[in-house]
Amino acid sequence: MKKHLILVLIGAMSLLAACGEKEGGEGTEELDTTADIQVLDSDGLKIAFYNQDSLRIYYDYYRERDSIMTQKGMIFQNVLQSKSAELQSYIMRSEERARGGLLSENEMIQIQQTIQQREAELMNYQQTEGVKLESETMNEMDAIGAKIQKFAQQYSEENGIDLLLIHATGGQIGYITPAMDVTIPFTEYLNQETEKLLSDDVQ
């Protein structure tokens, strides 16, 4: 039934393409838009998929790098909160002294300048370190993605897979039969090949 449906869809697409062709008028030259495309026999097409969300669990390199970046993000947030708390504490202490009449006009001016300076430093830290962390995270994700793409091609070639799909929560694939799921063997392959790659880099 599935094979019949595929052939019907292919036929329908061909019919739509034929209906969409424009007839050339007098004095106009009709362009050749024929594409040289090989049509694979659906009986021999080998399709598989892996669950992208599972890579965070089963792909060791992904899990390790993601854990490192998460830790760096937590450190950044903790430092930011600590600096902010120190500034708030300084402001409150200064206000208490001012209300108690313990500050001269000159001291109040100096405190105001100090507060402005610390606020600027806090904002600069938040922007500079935040951008740096975001850039580092993106670079890590790009490096992980490049490894996955490279090894996905190798895995497909070694296992005779014509089409390796990526299934993810919120993706465009609503359902795909579990019989095509190669998540576990593919992530095992990723771990094996990544370990080899990293070992070669160290040597």
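Heavy-atom basis, side chains included; hydrogens, waters and symmetry copies ignored.
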Approximate separation, where rounding is to 0.5 Å, of [X] [atom1] and [Y] [atom2]:
X	Y	atom1	atom2	value
Ser67	Lys72	OG	NZ	11.5 Å
Ile47	Thr177	CD1	OG1	11.5 Å
Arg118	Glu121	CZ	CD	8.0 Å
Glu140	Met69	CD	CE	6.0 Å
Glu136	Met141	CD	CE	10.5 Å
Tyr61	Glu64	OH	CD	9.0 Å

Side-chain heavy atoms under 4.5 angstrom apart, residues restricted to Ile, Leu, Val, Met, Phe, Trp, Tyr: same cluster for [X] and [Y]?
X	Y	value
Phe186	Tyr58	no
Ile148	Ile166	yes
Tyr50	Ile144	yes
Tyr90	Ile109	no
Ile184	Leu190	no

Counting only N and O atoms by type, is there a donor-acceptor contact under 3.5 Å from the side chain of [X] to the main-chain atoms of [Y]?
X	Y	answer
Ser156	Ala152	yes
Ser104	Glu107	yes
Ser199	Glu195	yes
Asn139	Ser135	yes
Asn51	Asp53	yes
Thr137	Leu133	yes

Residues Ile176, Leu165; criterion side-chain contact (heavy atoms from CB on, under 4.5 Å); working and verdict: CA-CA 10 Å; Ile176 186 168; Leu165 303 174; 3.8 Å; yes
Shortest non-hydrogen contact between [X] and [Y], atoms and distance:
X	Y	result
Val182	Ala48	CG1-CB, 3.8 Å
His167	Ile173	CE1-O, 3.2 Å
Lys46	Gly160	CD-O, 3.2 Å
Leu103	Met108	CB-CG, 3.7 Å

Reference residue Ile91; test side-chain contact (heavy atoms from CB on, under 4.5 Å); the match among Ile111, Thr114, Ile115: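 Passing option: Ile115.
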Residues Tyr59, Ser54; criterion side chain to side chain donor-acceptor pair (under 3.5 Å); working and verdict: CA-CA 8 Å; Tyr59 185 17; Ser54 296; over 6 Å; no
NZ or CZ of Arg56 within 45° of Tyr62 ring axis and under 6.0 Å: no
Derivation and outcome, side chain to side chain donor-acceptor pair (under 3.5 Å), residues Tyr189 and Glu158: CA-CA 11 Å; Tyr189 182 85; Glu158 291 177 13; 2.9 Å; yes
Enclosure of Gln116 CD (heavy-atom neighbours >12, cutoff 6.0 Å): yes
Greater than 12 external heavy atoms within 6.0 Å of Gln192's CD: yes
Derivation of the side chain to side chain donor-acceptor pair (under 3.5 Å) call for Thr183 and Asp181: CA-CA 6 Å; Thr183 301; Asp181 189 354; 2.5 Å; yes
Aromatic ring proximity Phe76/Tyr125, centre distance under 6.0 Å: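 Ring centroids of Phe76 and Tyr125 are less than 6.0 Å from each other.
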SB check Asp60 Arg63 (cutoff 4.0 Å): yes
Carboxylate-amine/guanidinium contact Lys132 Glu129, below 4.0 Å: yes
Salt bridge (charged side-chain N to carboxylate O under 4.0 Å, His left out) assessment of Lys196 paired with Glu193: CA-CA 5 Å; Lys196 289 180 184 177; Glu193 295 303 312; 3.4 Å; yes
Side chain to side chain donor-acceptor pair (under 3.5 Å) between Glu157 and Gln153, intermediate numbers included: CA-CA 6 Å; Glu157 291 172 350; Gln153 180 180 347; 3.1 Å; yes
From CA spacing to verdict: side-chain contact (heavy atoms from CB on, under 4.5 Å), Lys147, Lys150: CA-CA 5 Å; Lys147 286 181 174 60; Lys150 173 185 176 181; 5.8 Å; no
CA sep, side-chain torsions, deciding dist, call: Gln117, Gln113, side-chain contact (heavy atoms from CB on, under 4.5 Å): CA-CA 6 Å; Gln117 181 181 350; Gln113 291 175 343; over 6 Å; no
